[in-house]
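Here is the structure we will look at.
As the structure lists them, so they are numbered: ligands from 1, and atoms in each ligand from 1. Because the structure is a prediction, the values reported are computed rather than measured.
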Amino acid sequence: MEKIWSGFYKKNINERLEVIEQADILSEEYLSVLRNNEVLDFDMANNMVENVIGTFSLPFSVVPNFIVDNKEYVVPFITEEPSVVAACSNAGKIVAKSGGFKTEVLDRKMIGHVALYNIANTVEAVERILQSKDLLLKTADEAYPSIVARGGGARDIEVKVLSEDGTDFVVVYLIVDTLEAMGANMLNTMLEALKFSLESLTEGVALMAILSNYATRSLVTAKCAIPFENLGENGEYLAKRIELASKFAKADVYRAATHNKGIFNGIDSVVIASGNDWRAIEASCQSYAAKDGKYQGLSTWRCDEEAKMLIGGITLPMPVASVGGSIGINPTVKVARGLLNNPDAKTLASILVSVGLAQNLAALKALVGDGIQKGHMKLHAKSLAILAGATNDNIELIVEELRKEKHMNLASAKKIVEKYNK
Ligand code: NDP
């Protein structure tokens, strides 16, 4: 399979579509969506959100030969940022050569909470809630019977007393198996149904009832083990510096923010392609980065000197869905899911967490090696050339000339474009 993808990046769009056709991963219907560049229909868009005046496009790319749990994927990416796709392809190839990513879905449930205040005796209130657990779970299930009929539903209740600035809150956490859905609407419906019972049990007042995006019951781990030599000529040196970079991202919040941004260059691109709510995933993972009381880099890299390997790992909350929201609506999302062979929620989560680790490896390898500007500037030159007015016919020549300029900026690009467009 790897053969048909070789040189994919050098091909034009039609040739790339021919490779996708040859790979036999998309139906004729989905291939035609790509060939005709079909996008979200205006009427559909108008029914999805408010005040619609049009639709908005972004590049749709793929990262082929991406191996997760011994399966090969063609991963769809939606991103406007140059070099993200190239970087993930590069790291994906290194990991594929090293046996691919191995993942573990630790759990797949969602959490929501009802916060209550004005409670005279919080200790007794907590006791009464816990004594009524079965009844509360039944009330939650009765509020959303279809998920129960599918085999999911409310699973557990936990309670905490939290105090802030003189106010005590009794917080009731509901844990729900939402199966293939992300579950925001399911949780919110169930939680609102619990408000009345909780107010009478606590003799308090409900402040709000809402899903939490801190999805600590939807954790997924991805790992990889890369022989030093697969990192290139100076593989051992790079591996040791990647280990240091991983430590640095745990120590310094200024670095951690950028380290994690790099991870989400990949994850966000695939979450968007899959039709999932990327704000929810960002909120989940960014809050998880502060789980130990300090915001830290989300990945860990270490060298196994004996095995001569670089070992990478990352655990993230990844509550993505295969149904619900706008997943079945957008034609491009259907194609993107088709490329991944329509994964269920857990498989999609495993792919996403692996993409995050790959993206991180690519960034760290460049950072502790040549620095990231070398690769970046090449693609940046392309963006500058487009901005300066380069056309499809002359862009390659303009980019080549622009890269030789002392100052690679828009002014230089405009001068070169003028010369070509004379
Ligand atoms: P939906 O409200 O779309 O619910 C999922 C749908 O999928 C249900 O209609 C369900 O059918 C159907 N379904 C079909 N098969 C399955 C299956 N195997 N397992 C589970 N459901 C199945 O989506 P969610 O409740 O997941 O909510 C996600 C949306 O909520 C996103 O669009 C998100 O942007 C938004 N949102 C996010 C919030 C947040 O993150 N804080 C807050 C509020 C909204 P049936 O009803 O028959 O069971």
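Scanning both residues, Ala154 and Leu174, for their nearest heavy atoms gives CB-CD1, 4.0 Å.
The only member of Phe77, Phe101, Tyr73, Trp5 that meets ring-ring contact (aromatic ring centres under 6.0 Å, His included) when paired with Phe66 is Phe101.
Ser163 and Asp168 share a donor-acceptor pair across their side chains, judged by distance under 3.5 Å alone. The closest side-chain donor-acceptor pair between Asn276 and Ser274 falls under 3.5 angstrom. Side-chain atoms of Asn230 and Ser98 include a donor-acceptor pair closer than 3.5 Å. For the residue pair Thr221 and Lys102, no side-chain donor N or O sits within less than 3.5 Å of a side-chain acceptor on the partner. If you check the side chains of Lys261 and Asn265, you find a donor sitting under 3.5 Å from an acceptor. Of the N and O atoms on the side chains of Tyr173 and Asp156, not one donor lies less than 3.5 Å from an acceptor on the other residue.
Interface of Ala280 with ligand 1, defined as ligand atoms under 4.0 Å from a residue heavy atom, comprises 40 (O). Which parts of ligand 1 touch Ala181 is read off a 4.0 Å heavy-atom cut-off, strictly below it: atoms 5 (C), 19 (N), 20 (C), 21 (N), 26 (O). If you number the atoms of ligand 1 from 1 as listed, the ones under 4.0 Å from a heavy atom of Thr178 come out as 19 (N), 20 (C). Shown in contact with Leu179 at under 4.0 Å from a heavy atom are these atoms of ligand 1, numbered in order with element: 19 (N). Against a heavy-atom cut-off of under 4.0 Å, Leu211 is close to the following atoms of ligand 1: 39 (C), 40 (O), 41 (N). Residue Met182 approaches ligand 1 through these ligand atoms, each under 4.0 Å from one of its heavy atoms: 26 (O), 40 (O). Near Ile147, the atoms of ligand 1 lying under 4.0 angstrom from a non-hydrogen atom of the residue are 20 (C).
Residue Asn188 has no nitrogen or oxygen atom sitting less than 3.5 Å from a nitrogen or oxygen atom of ligand 1, judged on distance alone. Considering backbone and side-chain atoms alike, Asp277 places an N or O below 3.5 Å from some N or O of ligand 1.
Using a 4.0 Å cut-off between charged side-chain N and carboxylate O, Lys71 and Asp69 make no salt bridge.
The single protein non-hydrogen atom nearest to atom 32 (O) of ligand 1 is Gly325 CA, 3.4 Å, given as residue, atom name and distance. Among protein heavy atoms, atom 1 (P) of ligand 1 sits closest to Asn185 ND2, 3.9 Å. Ranking the protein heavy atoms by distance from atom 11 (O) of ligand 1 puts Arg150 NH2, 3.1 Å first. Atom 45 (P) of ligand 1 has its closest protein heavy atom at Ser146 OG, 3.3 Å. With hydrogens left out, the protein atom closest to atom 6 (C) of ligand 1 is Gly324 CA, 4.0 Å, a heavy atom. Remark: minimum distance from atom 7 (O) of ligand 1 to any protein heavy atom is reached at Val323 CG2, 3.6 Å. Summary of contacts: the protein heavy atom closest to atom 36 (N) of ligand 1 is Ala184 CB, 3.4 Å. The single protein non-hydrogen atom nearest to atom 41 (N) of ligand 1 is Asn213 OD1, 2.9 Å, given as residue, atom name and distance.
Across Met186, Glu180, Met110, heavy-atom proximity to atom 21 (N) of ligand 1 is greatest for Met186.
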- [ ] I would like to know whether Phe228 and Tyr237 meet ring pair (Phe, Tyr, Trp, His ring centres under 6.0 Å); could you show each step before the answer?
- [x] CA-CA 9 Å; Phe228 292 155; Tyr237 168 79; over 10 Å; no

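Among residues at least two apart or in separate chains, there is no salt bridge (charged side-chain N to carboxylate O under 4.0 Å, His left out) pair with a member in residues 181-209.
Residues passing the side-chain contact (heavy atoms from CB on, under 4.5 Å) test with Glu29, sequence neighbours excluded: Ser27.
Judged by the shortest distance from any of its heavy atoms, Gly183 lies inside the 4.0 Å radius around the atoms of ligand 1.
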